[in-house]
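Below is one structure, written out as C-alpha cells, with a few remarks after it.
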Protein chains: 2
Amino acid sequence: MEDSAHPKRAVTVADVAKAAKVSKATAARVLGGYGVVSAKITDQVIAAAAALEYRPNELARSMSTGRSGIIGVVVGDIENAFFSLAVRGISDAARLAGFNVIIANSGEEFDAEKSAVDLLIGKRVDGLIVTPARCDSIDHLQHVRRAGVPLVLFDRAIPELDVDAVTGDDRDAAITATRHLIEQGHRRLAYVSAMDAEGGGFTDIGRISNSAVRERVEGFVSALTEAGLPNPLHYIRLGATDQQQTDGVIKRLLSDSAPPTALLASDSLVGLRIFKSLQSLGLSIPKDVSMISFLDADWTSVTVPPITIVDQRVYEMGKLAGERLIARIERTPLAVERLRVSTSLVLRGSVATIGR
Amino acid sequence: MEDSAHPKRAVTVADVAKAAKVSKATAARVLGGYGVVSAKITDQVIAAAAALEYRPNELARSMSTGRSGIIGVVVGDIENAFFSLAVRGISDAARLAGFNVIIANSGEEFDAEKSAVDLLIGKRVDGLIVTPARCDSIDHLQHVRRAGVPLVLFDRAIPELDVDAVTGDDRDAAITATRHLIEQGHRRLAYVSAMDAEGGGFTDIGRISNSAVRERVEGFVSALTEAGLPNPLHYIRLGATDQQQTDGVIKRLLSDSAPPTALLASDSLVGLRIFKSLQSLGLSIPKDVSMISFLDADWTSVTVPPITIVDQRVYEMGKLAGERLIARIERTPLAVERLRVSTSLVLRGSVATIGR
C-alpha cells in the first residue's frame, strides 16, 4: 500500500553508474548507445541497469535510431464517432508499418490543440496528424514544420500551410445531398452545423474557419443556386452545439413563415440532436420534415425511419492519413497534396418526395 | 515543398553547444537545469537555444520539476462510446489539476496494451490509467508499480495488484437488471457478451478474465438462482464480437427448444448488434423478445422502442479515476481502494410484461 501512495523515484543514469561502479559519463555512453566503451564495462553497466530496472531514456534511444516509432494524433473531439473511427484507420496503418500511436484530444478548442501539439512534439513523436480546430490560426502548425516534424492535416485543409491534408470531398458531398433533396421536390432547405456562431448568427461563408464545414456550406449554396432557388443563405444555421441549442435552432427554423421542408445536418452529432428535436416536437420524419445527416453513425441505421446519410468513409480517410504520414517520416519523395476521399449518398428512409 | 518531404533533423544539445561556443557538457548542464554554470554562460546557451528553436529535452525538464504534467491513459477500445465518454471525464479532472492527457488504444488486445503501457512509461507520464484487457496477466502492470509510476485501473479490478481501481457496481447492476426482467414475468433469460470465448463456448464463470464482465455474469446468475430458476448458465453466450458472430449467437439462442424471452447485453456495442440481429430476423422488441443493454449509448434513446438500459455514469467514473490518479501523483496519503460508481436502471420501452 505504501508503494502506491509513495512511489519510488525513477532510476537514473547516476544510480546505474553507482551500481556498476563506473563514472556517470561512462554509464551514459553505454545506456545512450554513443561513444566507445570496452565490452567488459558495457556488460557491467547493462547488468546494473537490468538489476535496477532502469528505463532507457527515450531521447537517447531516439537519437541513436533517429526514430521514436510513435505517431501523434490530435483529434477534434474523441467523443465524435467520426474521430474514433478515423483513429482506428490511422492505427491500422501505423501498426502495419511498425509505429505506435498516441492520441490527444483538442475538444475543438484552439488553445487545447496548441498545447496538445506542443506536448506531442516534446514527446518526440516521429510525425503528427492534426485536425485543426481553426484553419485561420496556423502559427503552432508552422512551428511543427520548422521543427522538421512531418505533419498531415486531417479532415480540414489549410492551403497556406503547404502540407499534406486528407479530407472528404465535402463540397461535392453537400452538392450531391442537396441535389437529392431538390430532386425529391424540396424547395426550402436548411443547413445546420454545430460550428460556434461568431456574433450569434450566420453572416458570411468565408468566415467559417473550419474548412470542411465551409466547403459543405459552399456546396449546399451552389446546389441551391444552380436550381434557381431564392435566398440560398436564408436557412443556414450555426450554433447547434448541444441539445438545448439545437432545440432552439430547429424551433426557430420551423416557425419561419415559410419553414424548410428538409434539413441537412453537418455531422452526425448535429444529426442526432436534430432527430431528437424533431421527436420532442412530435414531428414525424419524413412526413413532416425530411433530413439527411453526414456520417454513417451507429444511430442512423436503427432509427425509424433509418436516416439517409453521406457515407464519409472515415476509416479509409484515417488509413490514408496514417500511410501518408509514414511515407513522410520515411522521406518518400512526394509532392504536397490534398487527398480527397470520395463520399457516397446512402438512401434510406428519411427523405420524402413532395408535390411539385 | 522540399521542407515537408525532407524535414530538418531536430536541434540537439551539440548544435546549441556549438552555436553558444561552449562545451557539450556545459550546454547540457544549462539546458538540463543541473550543475553550476555562470550567469554569462547560461545566457549565452539560452540565447543559442532560442535562436535554433531548440526543444528542451523532456527528460531533463521532468528531472528538474519532478513532473512531466502528463497523464497516460490506455483504453480498451476507443471506438466504444464507453471509453470515449470516460476519456472526457478523465480529461476534465486532468485539466482542472493542470495536467495534459495522452491516450493509447489497446483494442482489448493484451500485447497492444503491454506495448502501450511501455510506451507511455517511456514517455515519462506522471501516472497511468489502464483498462486491463485481461485481469489474469499482470506482469506489465507490476512493472509499472515497481517503476514507481502511480497507476489506477479503470472499469476492471485486479485484487492481486493492490492498486486503486475505479469500476462500476457491475454485480449489482446485473442483479438489478435481471430482477427487473424476472419481475416482468420472464423465466428464460440470456446474457450475451462480446468477450472472446476461449475454446469456443462458455464453460466457467471463473475463467472470464475481464472482471467487469465476470461480475455482471455472476450478478445475472445470482439473480436467476435467487428466483429459483433452473440452469442459470444455460443461456449465457460469449463471442458476440461483430455483427456476423452476433447474428449467429442470437439465431442459435432463439432456435433453442425453449428460447429465451429476454436478452441482457453486456455492453452497448453488443446491444446494438443484438438490436440489428433481431431486426434482420423480423422480430419485434419487446413483443417477440425483450432486451436490456448496458450503457446509455446514443442509439438506445432513438430506436423504436427506446431501449431500457443500465446507466453506468461513465463520465463520473472517468472523472473519479482522473482525480484519484492525480491524488496519487501528488502523494496524497490514501489507502488503496476499489471505488465503485453506482449505476441505475433506466426503464424505457424494450421490456415486455409477460404472462405468469
Side-chain angles (χ1 to χ4, degrees), chain A residues 1 3-10 12 53 55-59 63 70 78-79 81 84-85 87-88 91 100-105 107 115-116 119-124 143 145-151 162-164 272 275-276 279 297-299 301-304 328 331-336, chain B residues 1 3-10 12 53 55-59 63 70 78-79 81 84-85 87-88 91 100-105 107 115-116 119-124 143 145-151 162-164 272 275-276 279 297-299 301-304 328 331-336:
Chain A
M1 298 227 177
D3 270 6
S4 177
H6 298 286
K8 303 188 293 196
R9 70 184 175 80
T12 65
E53 297 193 357
R55 287 268 167 181
N57 169 344
E58 285 292 322
L59 176 67
M63 279 170 68
I70 302 168
I78 198 68
E79 278 190 80
S84 47
L85 189 51
V87 164
R88 183 153 64 85
S91 299
N100 285 299
V101 173
I102 54 182
I103 306 153
N105 187 31
S115 132
L119 180 79
L120 293 173
I121 295 288
K123 288 300 163 195
R124 304 267 161 180
H143 189 92
R145 292 199 65 217
R146 281 197 302 268
V149 176
L151 170 66
D162 197 31
V163 298
D164 299 314
L272 181 63
F275 185 91
K276 289 183 175 175
Q279 219 173 24
D298 273 357
W299 68 271
S301 64
V302 293
T303 49
V304 178
R328 289 293 177 203
R331 308 198 172 191
T332 313
L334 289 166
V336 169
Chain B
M1 298 226 177
D3 269 7
S4 178
H6 298 283
K8 305 189 292 199
R9 69 185 175 78
T12 65
E53 297 194 358
R55 286 267 166 181
N57 170 344
E58 284 293 320
L59 176 68
M63 278 169 70
I70 301 167
I78 198 68
E79 278 190 81
S84 47
L85 189 51
V87 163
R88 182 153 65 85
S91 300
N100 285 299
V101 173
I102 53 181
I103 306 154
N105 186 31
S115 130
L119 180 78
L120 293 173
I121 295 288
K123 289 298 163 198
R124 305 268 162 179
H143 190 94
R145 293 198 64 218
R146 282 196 302 266
V149 176
L151 170 67
D162 196 31
V163 297
D164 298 316
L272 181 63
F275 185 91
K276 289 183 177 176
Q279 219 173 24
D298 273 357
W299 68 270
S301 63
V302 291
T303 49
V304 178
R328 290 293 177 202
R331 306 198 175 193
T332 314
L334 290 165
V336 169

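Numbered from 1 within each chain, the chains take letters A, B, ... in sequence-line order.
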Select one option (side chain, backbone, both, neither) describing which atoms of A:Leu272 are under 4.5 Å from chain B's heavy atoms.
-> side chain
Rounded distance (nearest 0.5 Å) linking atom CG of B:Leu119 with atom CD1 of A:Ile70 = 4.0 Å
Pick one of side chain, backbone, both or neither for B:Gln279, based on which atoms fall under 4.5 Å of a heavy atom in chain A.
-> side chain
Please flag which part of A:Ser115 lies under 4.5 Å from any non-hydrogen atom of chain B: side chain, backbone, both or neither.
-> side chain
Rounded to the nearest 0.5 Å, how far apart are CG of A:Leu120 and NZ of B:Lys123?
-> 10.0 Å
All heavy atoms of A:Glu79 vs all of B:Ser84, minimum pair found to be CG-O, 3.6 Å
Per-residue contact mode, A:Ala81 against chain B (heavy atom under 4.5 angstrom) = neither
B:Asn105 vs A:Ser91, side chain to side chain donor-acceptor pair (under 3.5 Å): CA-CA, chis, key distance, verdict = CA-CA 9 Å; B:Asn105 186 31; A:Ser91 299; 5.3 Å; no
Quick one: which of B:Ile102, B:Val302, B:Asp298, B:Val101 has the most heavy-atom pairs under 4.5 Å with chain A, could you say?
-> B:Val302
